[in-house]
Amino acid sequence: MLTIAVKDQPELQRHYSLRDLEALPPIERRAMLPNETHVYSWRGVRLSTLLAGLYRSSTQRLRIEALNDYSALIPLSDLDAFDPILAYRRDGQSIGIAERGPLLVIYPMLDRPELRTQVYFNRSVWQVSRMTLE
């Protein structure tokens, strides 16, 4: 289960099951994980699609939280500049928790080598459980 919230606006909170995410317009992307050289085929939904209708003029960033309590901040400008996705399939298969799943933020590091820095590695969160617009 994924929860999407807007800081200080609990009435805008949304919950998504894997089935709900799969019902959104999908995108396929070939990409690698941070500090890896293997290229995977990912299927997921654009973060911009997932957050449509929740943006407010006061929101500037997205906090991504993982099952292991890790969190990272993604500036909303990344959504337009790099089009990261929330992936729910890798090479056609569901992604188990032990494999960093079930949801991962994937940046296009294969197509955009300039993203292969620690800043974007930190934003490539796996085991995503919650997103909060701040």
Side-chain angles (χ1 to χ4, degrees):
M1 172 82 64
L2 170 69
T3 300
I4 300 178
V6 178
K7 188 176 181 179
D8 300 328
Q9 294 186 292
E11 71 278 6
L12 295 178
Q13 185 167 289
R14 297 178 183 172
H15 300 282
Y16 291 88
S17 67
L18 180 57
R19 182 173 292 220
D20 295 331
L21 293 172
E22 290 174 331
L24 295 170
I27 183 169
E28 300 277 342
R29 174 168 292 151
R30 291 180 43 78
M32 61 187 70
L33 291 173
N35 296 320
E36 289 190 11
T37 57
H38 184 80
V39 176
Y40 299 97
S41 176
W42 300 95
R43 183 180 184 96
V45 60
R46 288 180 162 94
L47 288 181
S48 58
T49 299
L50 195 55
L51 300 172
L54 291 177
Y55 290 91
R56 300 291 181 262
S57 59
S58 61
T59 57
Q60 299 177 14
R61 61 191 184 181
L62 179 63
R63 179 177 300 277
I64 307 283
E65 297 174 51
L67 294 172
N68 65 359
D69 294 327
Y70 175 81
S71 71
L73 293 173
I74 295 177
L76 292 181
S77 59
D78 276 14
L79 277 58
D80 291 327
F82 307 118
D83 195 25
I85 68 170
L86 184 67
Y88 48 77
R89 294 203 180 278
R90 179 179 58 212
D91 292 339
Q93 302 295 316
S94 295
I95 312 161
I97 290 175
E99 301 167 318
R100 302 183 186 173
L103 303 171
L104 295 86
V105 174
I106 302 293
Y107 275 82
M109 293 181 188
L110 184 63
D111 299 329
R112 306 284 299 266
E114 71 272 20
L115 298 179
R116 295 181 204 158
T117 67
Q118 195 61 50
V119 169
Y120 295 98
F121 293 168
N122 293 347
R123 294 177 187 173
S124 299
V125 180
W126 52 77
Q127 296 181 332
V128 174
S129 63
R130 183 177 181 86
M131 298 181 182
T132 304
L133 283 160
E134 300 180 345

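Computed from a predicted model, the values in this text were never measured in an experiment.
Atom CG of Leu133 sits about 9.5 Å away from atom CD of Gln9, to the nearest 0.5 Å. Atom CH2 of residue Trp42 and atom CG of residue Leu110 lie 12.5 Å apart, to the nearest 0.5 angstrom. One distance of note links CZ of Arg30 with OH of Tyr40; it measures 12.0 Å at 0.5 Å rounding. Interatomic distance, OG of Ser71 versus CD1 of Ile64, reported as 9.5 Å (0.5 Å rounding).
Side-chain contact between Arg14 and Met131: absent, with no pair of heavy atoms (C-beta onward) separated by less than 4.5 Å. Residues Leu33 and Ile106 have side chains in contact (heavy-atom distance under 4.5 Å, counting atoms from C-beta outward). Side-chain atoms of Gln127 and Tyr70, non-hydrogen and from C-beta on, never get closer than 4.5 Å to each other. The side-chain heavy atoms of Pro108 and Leu115, taken from C-beta on, include a pair separated by under 4.5 Å. Residues Ile74 and Val125 are not in side-chain contact: their nearest non-hydrogen atoms beyond the backbone lie 4.5 Å or more apart. Side-chain contact between Leu47 and Phe82: absent, with no pair of heavy atoms (C-beta onward) separated by less than 4.5 Å. Looking at heavy atoms from C-beta onward, Val105 lies out of side-chain contact with Arg123 at the 4.5 angstrom threshold. Here the side chains of Tyr120 and Pro84 are not in contact, with every heavy-atom distance at 4.5 Å or above.
The minimum heavy-atom distance between Leu24 and Tyr16, with the atom names listed, is CD1-CE2, 4.3 Å. Here the shortest heavy-atom pairing between Ala5 and Gln13 reads CB-OE1, 4.0 Å. Looking at every heavy atom in both residues, Val45 comes nearest to Pro25 through CG2-O, 3.8 Å. Between Pro26 and Arg43, the shortest heavy-atom contact is CG-NH2, 3.2 Å.
No donor-acceptor pair under 3.5 Å is formed between the side chain of Arg46 and the backbone N or O of Asp83. For the pair Tyr107 (side chain) and Arg116 (backbone), a donor-acceptor distance under 3.5 Å is absent.
No side-chain donor from either of Ser41 and Arg90 sits under 3.5 Å from a side-chain acceptor of the other.
Linking Ile, Leu, Val, Met, Phe, Trp and Tyr residues whenever their side-chain heavy atoms come within less than 4.5 Å leaves Val119 and Trp126 in two separate clusters. Met32 and Ile95 fall into different hydrophobic clusters, where Ile, Leu, Val, Met, Phe, Trp and Tyr are joined by side-chain heavy atoms under 4.5 Å apart, directly or via other members. Following chains of ILVMFWY side-chain contacts shorter than 4.5 Å, one can reach Leu12 starting from Leu51, so the two form part of one hydrophobic cluster. Both Leu54 and Leu76 are part of a single hydrophobic cluster, where members link through side-chain heavy atoms under 4.5 Å apart.
By the 4.0 Å N-to-carboxylate-O rule, Glu134 lies close enough to Arg61 to be salt-bridged with it.
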Please tabulate, for side-chain N and O atoms in residues 97-104, each donor-acceptor pair with protein atoms closer than 3.5 Å (sequence neighbours left out).
{"from": "Glu99", "atom 1": "OE1", "to": "Gly96", "atom 2": "N", "distance (Å)": "3.0"}
{"from": "Arg100", "atom 1": "NH1", "to": "Glu36", "atom 2": "OE2", "distance (Å)": "3.4"}

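Taking the side-chain hydrogen bond (donor to acceptor under 3.5 Å, both in side chains) definition, one finds that Thr117 meets it with nothing, sequence neighbours left out. Evaluation of the side-chain hydrogen bond (donor to acceptor under 3.5 Å, both in side chains) rule for Ser17 yields Asp20 as partners, not counting sequence neighbours.
Each of Ile85, Leu62, Leu86 was scored for a side-chain contact (heavy atoms from CB on, under 4.5 Å) with Leu50, with one residue passing: Leu86.
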Determine whether Arg89 and Ser94 satisfy the following criterion, side chain to side chain donor-acceptor pair (under 3.5 Å), listing intermediate values before the conclusion. CA-CA 5 Å; Arg89 294 203 180 278; Ser94 295; 3.1 Å; yes
